[in-house]
Number of protein chains: 2
Amino acid sequence: MPVPAELIETSPYFSGLAPQERDKLKGLFFEKSVSKSEVILWEGEPGDALYILGTGRIKIFRTSAEGKEQVLRVMRAGDSFNEVPVFDGGPNPASAMALEDSVIYGIHRGDVQHILKDYPQVSINVIRVFSRRLRDMVSLVEDLSFRHVTARLAKILLEHAVQFGEESPERRLTQQQMAAMIGTAREMVGRSLKNLETMGAIRVERQKIIIVNREMLQRLV
Amino acid sequence: MPVPAELIETSPYFSGLAPQERDKLKGLFFEKSVSKSEVILWEGEPGDALYILGTGRIKIFRTSAEGKEQVLRVMRAGDSFNEVPVFDGGPNPASAMALEDSVIYGIHRGDVQHILKDYPQVSINVIRVFSRRLRDMVSLVEDLSFRHVTARLAKILLEHAVQFGEESPERRLTQQQMAAMIGTAREMVGRSLKNLETMGAIRVERQKIIIVNREMLQRLV
DNA sequence: CGGGTAAGGAGACAAAAGTCGCAGACTCCG
DNA sequence: CGGAGTCTGCGACTTTTGTCTCCTTACCCG
């Protein structure tokens with residue numbers, strides 16, 4: 001199975017390339033299917049391929065010695081991961097796990113090097129992607145350093161709602177997953193959700209969290 | 001005053017360029033002197049130049065609404081900063097302040113764009129620098145998320161000692177500065193230093209901190 | 001050299017977060 | 001359908017961190 005054309009066309013890496021150039025690059029990708037909960041990459045291992053997520057959802061995370069988990073980002077279709085080791089030759093900085101059955105498209109390190117040589121525009125695109133990534137990381141540091149758990153939770157609820165629909169997030173996150181995203185324990189998420197509910201910002205129902213007062217959440221962030 | 005030659009020669013941005021190419025680039029830099037405690041960049045403002053630190057020391061940091069400060073990195077001669085806004089056109093992601101009288105060399109956004117176009121090797125160098133930066137940020141997130149204050153403090157004590165000499169760090173950090181680096185309050189740093197002292201890892205003297213038992217510190221991290 | 005400012009030490013207390021234990025509800029698969 | 005495993009809720013308790021206040025010391029600048 002080849003890479004879906006629109007994945008290459010919409011990828012920030014290949015913007016500014018001619019269609020025939022893109023066609024050539026398509027052939028370098030290989031497809032890989034992963035099932036839910038499958039670990040795609042382990043932190044510390046050598047990273048020999050860059051991946052673009054086709055369908056599904058994948059989390060990038062680090063694990064502490066005590067088993068605590070910190071999610072660095074949750075990816076959706078079109079997002080790419082594992083670039084850093086491909087470009088600098090070091091080990092994977094983080095692990096990757098599929099949150100649902102997913103299809104990813106990989107490209108080997110050597111091929112990436114060739115592309116960089118042959119298409120200078122791609123290098124510039126990579127720089128732009130990395131810039132965005134750095135801003136996101138600064139934002140994460142800021143959250144961890146400045147905001148309390150409730151504010152961090154409010155933030156991901158807002159982001160989540162934006163992406164999956166205001167009223168009923170289709171694929172909801174478990175409290176455990178939210179805890180890993182904001183760097184705290186599951187129980188804290190439970191308590192904070194209750195806080196947000198009693199202050200009237202959200203309503204927690206059977207299987208979903210409904211944002212009742214978006215402005216209130218926004219103010220907390 | 002032109003840029004010192006060795007600054008360009010040792011800069012990771014210009015590695016792989018021919019000497020005469022470097023010479024051409026030198027002319028694009030402008031010099032700027034800043035005095036201790038002077039703010040060089042404000043977060044949120046447009047970033048129109050990339051800087052390389054010639055002499056002195058500069059901290060990159062973010063400030064919360066409540067006035068708390070989180071240091072992202074402390075730079076030394078040769079380090080560069082404010083790349084992200086130059087490459088993606090957005091606002092400065094963080095502020096920069098001189099910790100001592102310093103001399104920096106800047107290059108304007110437009111010139112950087114030209115360099116990227118004319119010297120593809122530079123783009124690849126930038127990618128490598130950004131990769132390193134991303135790894136550092138992941139490491140910072142990990143520290144904030146996984147480690148207690150004492151462990152974070154131990155880490156910067158070790159890094160500091162490596163860089164400034166085992167026995168007597170020449171330019172010591174204040175507790176306030178250390179607190180901002182590890183994302184906590186000054187009082188916590190004081191208490192943690194005392195902890196480390198009573199457990200025999202360090203000795204706190206008049207104006208300096210002496211590492212008595214390096215392995216003990218290392219184990220804490 | 002003297003005075004103002006920054007830095008550091010300490011104790012008491014408050015707030016936030018983490019931990020533990022357990023029980024009930026749900027769901028996913030075989 | 002049933003049972004294992006996951007997810008959630010909740011309360012009690014501990015630990016860690018943050019905050020406030022006050023005092024002493026060091027140091028820098030004029």
Side-chain angles (χ1 to χ4, degrees), chain A residues 35-38 64-70 97 99-101 143-154 157 169-199 202-210 220, chain B residues 35-37 59 64-70 97-101 143-154 157 168-199 202-210 220:
Chain A
S35 40
K36 184 177 171 179
S37 300
E38 187 176 336
S64 76
E66 296 80 29
K68 192 181 165 190
E69 184 183 286
Q70 172 68 55
M97 177 189 278
L99 294 176
E100 346 174 328
D101 293 352
D143 288 345
L144 290 172
S145 181
F146 295 157
R147 304 197 209 301
H148 289 172
V149 167
T150 305
R152 308 211 289 269
L153 182 61
L157 288 179
E170 198 68 38
R171 351 183 206 187
R172 59 197 286 277
L173 298 164
T174 67
Q175 292 188 0
Q176 184 63 65
Q177 287 171 332
M178 290 189 269
M181 288 172 73
I182 64 182
T184 187
R186 194 214 92 212
E187 291 90 332
M188 283 299 303
V189 171
R191 277 177 243 171
S192 295
L193 283 174
K194 185 145 294 278
N195 285 348
L196 291 175
E197 189 168 27
T198 57
M199 69 201 288
I202 62 174
R203 212 164 68 241
V204 180
E205 278 192 8
R206 304 197 126 281
Q207 293 313 324
K208 57 189 176 191
I209 297 162
I210 297 168
L220 286 174
Chain B
S35 41
K36 184 178 171 179
S37 301
K59 71 173 172 185
S64 76
E66 295 79 30
K68 193 181 164 189
E69 185 181 288
Q70 173 67 55
M97 178 189 278
L99 294 175
E100 346 174 327
D101 294 352
D143 289 345
L144 290 172
S145 181
F146 295 157
R147 306 198 207 299
H148 289 171
V149 167
T150 306
R152 307 211 291 267
L153 181 61
L157 288 178
S168 56
E170 200 68 38
R171 352 186 204 184
R172 60 196 285 276
L173 297 164
T174 66
Q175 292 189 357
Q176 185 63 63
Q177 287 171 332
M178 290 191 268
M181 288 172 73
I182 63 182
T184 187
R186 192 214 93 211
E187 291 91 331
M188 281 299 303
V189 171
R191 277 177 243 172
S192 295
L193 283 175
K194 185 145 296 276
N195 286 348
L196 291 175
E197 188 167 28
T198 58
M199 70 202 288
I202 62 174
R203 213 167 65 242
V204 181
E205 278 193 6
R206 302 199 126 281
Q207 293 315 321
K208 59 189 173 188
I209 296 162
I210 298 168
L220 287 174

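Any value given below was found using the heavy atoms of this structure, including those in side chains, with hydrogens, waters and symmetry copies removed.
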Charged N to carboxylate O below 4.0 Å: is that the case for B:Glu69 and B:Lys59?
-> yes

Where the side chain of B:Gln70 meets the backbone of B:Met181, is there a donor-acceptor pair that is under 3.5 Å apart?
-> yes

Assign each of B:Leu193 and A:Arg152 to its nearest nucleotide of DNA chain C by heavy atoms, then name whichever residue's nucleotide is nearer the 5' end.
-> B:Leu193

Does B:Thr184 or A:Met178 map to a spot on DNA chain D nearer the 5' end, using the closest nucleotide for each?
-> A:Met178

State whether B:Lys194 places a side-chain N or O below 4.0 Å from either non-bridging phosphate oxygen (OP1 or OP2) of C:dA10.
-> yes

B:Glu197 side chain vs B:Ile202 backbone, donor-acceptor pair below 3.5 Å | no

Base D:dT16 paired with B:Arg147 side chain (donor-acceptor, <3.5 Å) = no

Donor-acceptor pair under 3.5 Å, B:Glu187 side chain vs D:dC20 base = yes

5'-most contact on DNA chain C: A:Thr150 or B:Gln176, nearest heavy atom basis?
-> B:Gln176

Mark yes or no for a side-chain to base donor-acceptor pair under 3.5 Å between B:Arg186 and D:dG18, with no hydrogen or angle criteria applied.
-> no

Phosphate oxygens OP1/OP2 of D:dC7: is one of them under 4.0 Å from a side-chain N or O of A:Gln177?
-> no

Measure from the side-chain heavy atoms of A:Arg191 and tell me the nearest of D:dA12, C:dG8, C:dA16.
-> D:dA12

